[in-house]
Amino acid sequence: MLKKSWYVIVLLILALTLVLAACGSGATQTTEEPAATTSSQEAAQPTEATSSQPEAEAVAGKVGIVLPTKDEPRWVQDETRFQEALTAAGYDVEILFSQGDSAKEKANVEDLITKGVKVIIITPQDGSAAAAAAEAAHEAGVKVISYDRLIRDTDAVDYYVTFDSLAVGAQQAQYLVDHAEGTGNPLYLYAGAASDNNAFIFFEGAWKVLQPKIADGTFVIKNSSEAVALQDTADLSRDQMAQIIGQITTNWDFNTAKNLAEANLTVATAEDKGEVFILAPNDGTARAIADAFAADSDVSNYYVTGQDAEKASVQYIIDGKQSMTVFKDVRTLVNDAINAAVALLEGNTPDAQGSYNNGVIDVPAIQSPVVTVDKDNVKAELIDSGYYDASDFTGLQ
Ligand code: BGC
């Protein structure tokens, strides 16, 4: 009797469970129904978006970024733009600075490897010295993306995101050419750091435009005997460029640039001055060099180039103290780097549009265009475009 009632109870429980299960699956079906009514194309979209934009957790802690120094606004700008893009995508990524020191840079890379990253985005302080850090990453199975500057002399680089650096130099030089009249115009040449591959590409781009104008007498080089010795050579070898750069390098350092400009002005005669044309490699050095030339009473007018569209130089351009800059939209470079990192994380090959030889291999690369900015288009290119706020500057027209 007792057995029979237990049997009935068990049957009742089973029946109840089946009823509840049926209700449960019915509830699930109800939530699925709206999806079933959308077209298959619409329904496919979220899946596609997910695969091109992985979940934040899939990226968190798997990518690390190493930038060269906080002492130059250019790299603080990159940090800010990385942070903006990463926050928007919900990615948690660590950004470290090497403070101009290749040993610190290697320690940063090792730190990220220890923390378990799978991709490192790195702007080398010194292109060749960074090879050891890149190789350490590869040995640990970590992919390496060279960001803006190429890591040289190693096969341990997977991808390179860069601006068109040849165009940067060419546009700087073209600006000087476009503002020079007649012949015998004094030309002062300055370059970046010889340890930075870009310094060669910028100079190469500039030389291609300037050399014919030196050969035809438009310009006369005033501050480099090495450049004068090679002024009839249209295409310079890397060694020849190294000879010139060795004499006119700023090392990307404001004080070095200022001291070199002052030393050049000290030995130059009054005839070497008047209206002068100055190839300055970037904004930071341009401001330092411009200040030195502005302080020389024998300099009646100067044209000076730059690059990076740093805020301080944008203000200098508005104030007529720097002639031009080459605007490199860092947001594009940042997006290219993040897309490449995500592709590598997913085991894919990032899209490349060519390659750069780093002395050992051709590194697949993606390259972004650059824009010449001077007083005439500074507002349109940098303010109206939303890159900077008007309130960051004074005297904007
Ligand atoms: C970058 C420039 C920068 C310079 C100094 C170069 O490699 O391309 O944008 O001004 O380094 O940091």
Side-chain angles (χ1 to χ4, degrees), residues 65-82 97-102 105 121-130 145-152 157 160-172 190-206 241 245 248-258 260 279-290 304-314 316 322 324-334 336-337 356 358 363 365-373 382 387:
I65 300 169
V66 182
L67 296 174
T69 178
K70 259 188 194 282
D71 294 341
E72 291 176 36
R74 160 69 215 264
W75 305 112
V76 178
Q77 197 184 137
D78 291 71
E79 180 194 29
T80 307
R81 300 296 187 184
F82 261 118
F97 280 88
S98 308
Q99 291 312 101
D101 177 356
S102 295
E105 178 179 277
I121 298 169
I122 173 168
T123 303
Q125 169 59 29
D126 176 314
S128 297
I145 298 173
S146 226
Y147 177 85
D148 192 276
R149 294 179 180 171
L150 188 58
I151 301 174
R152 287 187 57 83
V157 192
Y160 181 34
V161 289
T162 179
F163 290 106
D164 184 348
S165 296
L166 213 53
V168 171
Q171 290 182 18
Q172 292 172 333
Y190 298 95
S195 59
D196 176 6
N197 193 57
N198 285 348
F200 286 80
I201 309 178
F202 300 144
F203 190 76
E204 183 186 349
M241 280 192 277
I245 292 173
I248 60 169
T249 182
T250 60
N251 228 357
W252 293 132
D253 175 63
F254 315 154
N255 280 324
T256 309
K258 176 175 178 281
L260 182 60
L279 179 77
N282 76 346
D283 282 351
T285 58
R287 295 192 301 276
I289 293 166
V304 65
T305 63
Q307 72 167 300
D308 295 334
E310 287 179 4
K311 280 186 188 167
S313 277
V314 173
Y316 259 48
Q322 181 178 325
M324 63 88 77
T325 187
V326 180
F327 171 41
K328 313 200 301 191
D329 190 331
V330 167
R331 295 170 303 186
T332 312
L333 208 61
V334 158
D336 287 347
Y356 274 74
N358 77 343
V363 183
I366 191 163
Q367 182 171 290
S368 301
V370 298
V371 181
T372 295
V373 169
L382 297 175
Y387 196 72

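Read the numbers this way: they start at 1 and go in the same order the structure lists the ligands and their atoms. When reading the values below, keep in mind they use all heavy atoms of this one structure, side chains included, and skip hydrogens, waters and symmetry mates.
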Exercise. For Trp252, does its backbone N or O pair with a side-chain atom of Thr250 as donor and acceptor, under 3.5 Å?
Worked result: yes
For this session: With heavy atoms of Lys328 as the reference, note each atom of ligand 1 found under 4.0 Å away.
Result: 1 (C), 2 (C), 8 (O), 9 (O)
Problem set entry | Proximal candidate to atom 6 (C) of ligand 1 [heavy atom criterion; set Leu67, Leu150, Asp196] | Asp196
For this session: Indicate whether any N or O donor in one side chain lies under 3.5 Å from an N or O acceptor in the other, for Asp283 and Thr325.
Result: yes
Exercise. Heavy-atom contacts under 4.0 Å between Asp148 and ligand 1: side chain, backbone, both, or neither?
Worked result: side chain
Exercise. With no hydrogens and no angle check, do the side chains of Asn282 and Thr285 hold a donor and an acceptor under 3.5 Å apart?
Worked result: yes
Exercise. Has Trp75 got any heavy atom lying under 4.0 angstrom from an atom of ligand 1?
Worked result: yes
For this session: Please write down residue, atom name and distance for the protein heavy atom closest to atom 5 (C) of ligand 1.
Result: Glu72 OE1, 3.1 Å
Exercise. If we ignore angles and hydrogens, is there a donor and acceptor under 3.5 Å between the side chains of Tyr356 and Asn197?
Worked result: no
For this session: Check each heavy atom of Tyr147 against ligand 1 and say whether those closer than 4.0 Å belong to the side chain, the backbone, both or neither.
Result: neither
Exercise. In terms of residue, atom name and distance, what is the protein heavy atom nearest to atom 11 (O) of ligand 1?
Worked result: Arg149 NH2, 2.9 Å
Exercise. Do we get Arg81 above Tyr387's six-membered ring, with its NZ or CZ under 6.0 Å from the centre and within 45° of the axis?
Worked result: yes
